[in-house]
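Naming convention: chains lettered A, B, ... in sequence-line order (proteins, then strands); numbering from 1 in each chain.
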2 protein chains.
Amino acid sequence: MSKKAIKDTSTEEKIKQAARIVFTKKGFAATRTRDIAEEAGINLALLNYYFRSKEKLFQQVMMEKVQMIFGVLFPIANNSETTLEEKVALIVENYVDLLLLNPDLPLFVLSEIRNNPEHFENKVGINMIKQSSLISQLKEKRADVNPIQFLISLLGMTIFPFVASPMLHAAGLVEGNEFTSLMQQRKQLIPLWINSILDCK
Amino acid sequence: MSKKAIKDTSTEEKIKQAARIVFTKKGFAATRTRDIAEEAGINLALLNYYFRSKEKLFQQVMMEKVQMIFGVLFPIANNSETTLEEKVALIVENYVDLLLLNPDLPLFVLSEIRNNPEHFENKVGINMIKQSSLISQLKEKRADVNPIQFLISLLGMTIFPFVASPMLHAAGLVEGNEFTSLMQQRKQLIPLWINSILDCK
DNA sequence: GTCTATACAAAGATAGAC
DNA sequence: GTCTATCTTTGTATAGAC
C-alpha cells in the first residue's frame, strides 16, 4: 500500500519508535514520558492522547521485544527438517545478528520479565520448546544428560556476552570495537564447541 | 569485639540490610525510599539521617555487590598454584553456590553497570584478569583461540541461567524447584564440557 | 536517635484553546 | 490532531518536637 510509507512516519508511529528506544535503554521505571516525547520530537500530551498511559505504551513495546527474542528460537527448534548441528548453527547465527543490531534487547527483556513475571506466565508459548524437534534430537544424541542443560549452555554462550557486555568492558576484558568481531567469531566457535561437547565422551 | 553483635542490629545496619534486599530486587529507579524504610521497620526520616540520600545509600550497596561478584573470579584466576582444570571447577562451584544464595545479584549488577558505566570505569581492577594465570594457561593450552572467548563461554554457561531464570520459567523450560538441582548438577557438567572443548580438536 | 509533619521537586495525566 | 498550561500524585528530603 502506498499509504504505508506515510503511516510509518505518523505521530503514533514516531512515539512508538521513540518508546522502543528509551524503554529498551533505561527500563520502565527509569524512563520518563517526557524523555519519550522529546525523543519523538512531539508534545508530551500527545503521548497520552494516542496511548492512554505510560503503562499501556510500555506493554505494547514489551510484547514486541519478547516476540523478537523468542521468535528466533521457536521456529528453528520446531523445524523437524534440519539436523541438530544445523539447528545449533542457525540459533547462534540468528541471535548474534539480532543482538548486534539490538544490544539492549536481552537485558531489557530479562529485567522486565523478572520485575513482573505474572505478565508473562502462559504468554510465552509454554512447551513450544520442551516438545520441539530440537529437544528430541538432543535426547537421542545424548540420553545421559538432561537436554535442558545443553540448551541453557547454548543460550548462555550465545546471549550472555550481550547481557554482560558493559561488565566485560568495565573489567577490561574487551576494548572498544573489538566486541563486534568477537561476536562474529562466535558464530563459528560456538557450534564447534557444542559439537565437541556432544561428541567427545 | 562484643559490641559487634549489637552493632549488627543497629538502625543503620537494619536500613542497609533492607536496602540490599529492595535495591537488588527492583533496581535503583523502581525502588522508593519508603519501601526501604518499611522493609527495615523504621521511619523514613532515619534513612536520610544515616545516609544523606537514596543515591548515597545505593552506592554503598552497589559497591558491595560488585565486589561479591568479582570477588569470586579474581582470586581464582590469579592463583598460579592451581591447574587450569582446577580453576574451571572452582569458578563454577563458587559461582553456583554464591548465586543460589543471591539469585538477583547478576541481573542487578549488570543492569546498573549498564545504566551508569562511568561509575565503574577503572574501578573494577582492570587487567586483573587479562594478565592472570588463568589467561596464560588458556593461551598455552589452545593458542589457536582467543582466551577471552573461552572465558566468556565459561561465564555464560555458569552465570547466564541465573540471569535468565525468570525467562526459563516463563518459557516452561524449568519448573518449580527443579532449578536448584539443575544448577547443582552444572557444577559437574560445566567443567566436563569445558574440558571437552579444550581437549577435542 | 527517633518520630511527625511538611516542604519541595519530579513525573504522569488531563483540560481546554486552537 | 496538536499545543500550552495546569492538576495530581508520588517520592525525596528536611525542620523541628521529643
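- No donor-acceptor distance shorter than 3.5 angstrom exists from the side chain of B:S181 to the backbone of B:N177, with no hydrogens or angles considered.
- Checked against C:dA13, D:dT14, C:dC3, the side chain of A:L44 finds its nearest nucleotide in C:dA13.
- Distances shown here put a side-chain N or O of A:T11 below 4.0 Å from the OP1 or OP2 atom of D:dT2.
- When each of A:R34 and B:E55 is assigned the nucleotide of DNA chain D bearing its nearest heavy atom, the one mapping closer to the 5' terminus is A:R34.
- Judged by the 6.0 Å and 45° rule, B:K54 forms a cation-pi pair with B:F28.
- Comparing D:dG11, D:dA13, C:dT14 by their closest approach to the side chain of B:S53 singles out D:dA13.
- In this structure, A:E81 does not pair ionically with A:K87, as no charged nitrogen and carboxylate oxygen lie closer than 4.0 Å.
- Closest to the side chain of B:Y49, out of C:dC3, D:dG1, C:dG1, is C:dG1.
- Looking only at distances, no side-chain donor or acceptor of A:R142 sits under 3.5 Å from a matching main-chain atom of A:F150.
- If you check every strand for non-hydrogen atoms under 4.0 Å, A:Y50 touches sugar and phosphate atoms only.
- Across D:dG1, C:dT4, C:dA15, the shortest atom-to-atom separation from the side chain of A:A45 is found for C:dA15.
- In terms of phosphate contacts, A:T33 brings no side-chain nitrogen or oxygen within less than 4.0 Å of OP1 or OP2 of C:dA11.
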